[in-house]
Structure formats: C-alpha cells, structure tokens
Amino acid sequence: MKVQLGCAQGGIAMRYSAEHKEQTKTAILRAAGRVFRAEGYGGSGIDALTKAAGVTNGAFYGHFKTKSEAFRAIIGLGLEGLVETVGQYQDTHGEGWLGPFVDFYLGPKITCDIGDACTLPMLSSEVARSDDQAHQVYEVEFRRLITAVARGTGGDENRAIAVLALLASGATFARAILDPQLRDQIVQATRAGIVAVAG
C-alpha cells in the first residue's frame, strides 16, 4: 500500500494507491454479493454491507453513490460469472458439457451457504422488484447467458431459455426444502426435464 503523508488543512492527507482502491472495491463487491443473496435487497442496508466488507461507510461511498448502484454491479458480476462458468464447462467437456454442469448446479450450488449461491435463482426476483436500471443490467447479461447456453444446446435460444428456467426454479425449490428425499426428488425431476428439453 502506497501512502503519501502531507499537510492538508492542518491534518494528514492519506492517498491510497490505485491497487488499494481496487482491493477495497473488490472486498465491497464480494461482501455485498453475499449480503444481497442472503438478506435480499430490501433487507440489506449500507451498514450491513460495509460491516461485511470490513470498510467504512465513507469507503463504500467512495466507490458507489447508492446501494442501488452496488446492487446493479452485483447483478452484472453474478450473471457474468455464470456465463464464464458455462463457457468453462463447454471448453472442458465439449459436447457433453451440460450433464456435468447440471450436476454442479444442482449439487454444490444448492447446498453451499446461501451467500455463495448463484445469482440467477437468488436475485432474479429482487431485480423484478427493482428499478429500470437494474432490469437493464440484468437483461444485458441474461442475453449473454442465453447465447452461452445456446452454443452448447444446438444453437437453439428457446431451448437454452428452458434449460435456464429449469435450473433456476429447480435450485430455488430445492433450497426451500428441508426434507432430503423431497429435495433429491426435485433435483432428479429437474435433471430429467433438462435432458428432455436439451435432447
């Protein structure tokens, strides 16, 4: 961390390096993503976000003008990350990518801490209640997600949308269920539906 000390109105002025500022922003985004997923947009105040990130309110406002701006950033990053994950599975498994991806999505991603869950099932309903700007960010990234999935499902965008809808709803239902047998039934039914849709 580069810190420059000097007099400013009788006090000490501290200027942090660009690297430090980027690290702070990353910490805020990582923490905010977890808080938004766990508490929802309405249940997440600035104090909760900054406490989770280990920064001051001033540091938060140094990067984001409002909570809404931070939320939009989380939506964009979350869906962008899902696009990248889809691409990684396609690169690794080729034409057989969808099965391993579904196993991952309906396995670890529905049993991990809710703060680490996928943006698609956890925050889509939050976007539906949000402002137009959040809708616009979501739509841009969701279109990219459709394109990514369609590349691995015969180029059919409708088929890709159906796969995403099944994954998101299946994950949501499974997370809401305590009974492991019913949860497993949901997972298996979702997997079978995806196989039928994807051909």
Side-chain angles (χ1 to χ4, degrees), residues 20-89 100-131 133-135 137-142 144-145 148-149 163-180 182-184 186-187 190-191:
H20 178 271
K21 290 178 180 178
E22 191 60 33
Q23 289 173 346
T24 301
K25 184 176 182 179
T26 299
I28 292 170
L29 286 170
R30 185 179 295 117
R34 290 181 57 82
V35 173
F36 283 135
R37 290 181 183 93
E39 306 295 336
Y41 180 81
S44 308
I46 297 296
D47 288 344
L49 300 181
T50 56
K51 181 179 179 181
V55 301
T56 64
N57 284 18
F60 177 89
Y61 286 115
H63 294 282
F64 303 102
K65 294 179 182 178
T66 63
K67 183 177 77 167
S68 296
E69 185 178 339
F71 179 67
R72 292 193 296 271
I74 293 303
I75 292 299
L77 287 173
L79 294 182
E80 181 182 323
L82 185 53
V83 169
E84 292 175 357
T85 301
V86 167
Q88 290 168 0
Y89 271 82
F101 177 73
V102 170
D103 289 342
F104 162 72
Y105 201 92
L106 296 178
K109 292 307 287 183
I110 63 170
T111 56
C112 65
D113 185 88
I114 195 168
D116 296 320
C118 179
T119 295
L120 191 62
M122 299 311 302
L123 294 180
S124 291
S125 61
E126 297 291 328
V127 174
R129 291 189 286 267
S130 193
D131 57 29
Q133 289 174 297
H135 282 262
V137 170
Y138 183 94
E139 184 174 326
V140 167
E141 294 303 326
F142 191 75
R144 290 184 62 222
L145 183 56
V149 174
V163 167
L164 290 168
L166 285 164
L167 281 172
S169 58
T172 300
F173 296 158
R175 272 200 173 268
I177 298 299
L178 294 177
D179 181 356
L182 179 54
R183 186 189 305 129
D184 185 63
I186 292 168
V187 167
T190 302
R191 181 180 286 110

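From a predicted model like this one, the values you see are computed outputs, not experimental measurements.
Scored by the ring pair (Phe, Tyr, Trp, His ring centres under 6.0 Å) test, Tyr41 finds Phe36, Phe71 as partners (sequence neighbours excluded). Checked against ring pair (Phe, Tyr, Trp, His ring centres under 6.0 Å), Tyr61 has no partners two or more places apart in sequence or in another chain.
Contact annotation: the side chain of Asn57 approaches that of Asp47 to within less than 4.5 Å [non-hydrogen atoms, C-beta and beyond]. Looking at heavy atoms from C-beta onward, Val149 lies in side-chain contact with Leu164 at the 4.5 angstrom threshold. Looking at heavy atoms from C-beta onward, Glu69 lies out of side-chain contact with Gln133 at the 4.5 angstrom threshold.
Scanning both residues, Val83 and Ala148, for their nearest heavy atoms gives CG1-CB, 4.1 Å. Between Ala52 and Val35, the shortest heavy-atom contact is CB-CG2, 3.7 Å. Contact detail for Ala53 and Ala27: the closest heavy-atom pair is CB-O, 3.7 Å. When all heavy atoms of Ala168 and Pro121 are compared, the pair lying nearest together is O-CB, 3.5 Å. For Ala134 against Val127, the heavy-atom pair with the smallest separation is O-CG1, 3.9 Å. Contact between Ala59 and Thr24 at its shortest, heavy atoms only, is CB-CG2, 4.3 Å.
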**OP:** Evaluate the criterion side chain to side chain contact (heavy atoms under 4.5 Å, CB included) for residue pair Leu167 and Val102; output intermediate values, then yes/no.
**Re:** CA-CA 8 Å; Leu167 281 172; Val102 170; 4.2 Å; yes

**OP:** Start with the C-alpha distance between Leu29 and Phe64, add both sets of side-chain angles, then the distance that settles side chain to side chain contact (heavy atoms under 4.5 Å, CB included), and finish with yes or no.
**Re:** CA-CA 10 Å; Leu29 286 170; Phe64 303 102; 3.5 Å; yes

Original post:
What's the verdict on side chain to side chain contact (heavy atoms under 4.5 Å, CB included) for Asp131 and Arg72, showing C-alpha distance, side-chain angles and the deciding distance?
Top reply: CA-CA 10 Å; Asp131 57 29; Arg72 292 193 296 271; 3.7 Å; yes

**OP:** Carefully, step by step, assess Ile75 and Glu141 under the rule side chain to side chain contact (heavy atoms under 4.5 Å, CB included).
**Re:** CA-CA 9 Å; Ile75 292 299; Glu141 294 303 326; over 6 Å; no

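Rounding to the nearest 0.5 angstrom, the gap separating the CZ atom in Phe60 from the OG1 atom in Thr66 is 7.0 Å. Between the CD1 atom in Ile177 and the OG1 atom in Thr172 there is a gap of 11.5 Å [rounded to 0.5 Å]. To the nearest 0.5 Å, atom CZ of residue Arg183 and atom CG of residue Leu106 are 12.0 Å apart. Atom-to-atom distance recorded for Arg30:CZ and Asp116:CG is 10.5 Å, nearest 0.5 angstrom. One distance of note links CG of Leu120 with CG of Leu79; it measures 6.5 Å at 0.5 Å rounding. Here the NZ-CG distance, from Lys109 to Leu82, works out to 9.0 Å after rounding to the nearest 0.5 Å.
Of the possible donor and acceptor atoms, none in the side chain of Arg37 sits under 3.5 Å from a partner among the backbone N and O of Met122. Between the side chain of Lys25 and the backbone N or O of His63 there is no donor-acceptor pair closer than 3.5 Å. Within the 3.5 Å criterion, the main-chain N or O of Ala165 finds a donor-acceptor partner in the side chain of Ser169. Not a single donor-acceptor pair under 3.5 Å links the side chain of Arg175 to the backbone N or O of Ala171.
Relative orientation of the Phe142 and Tyr138 rings is parallel, given thresholds of 30° and 60° on the angle between their planes.
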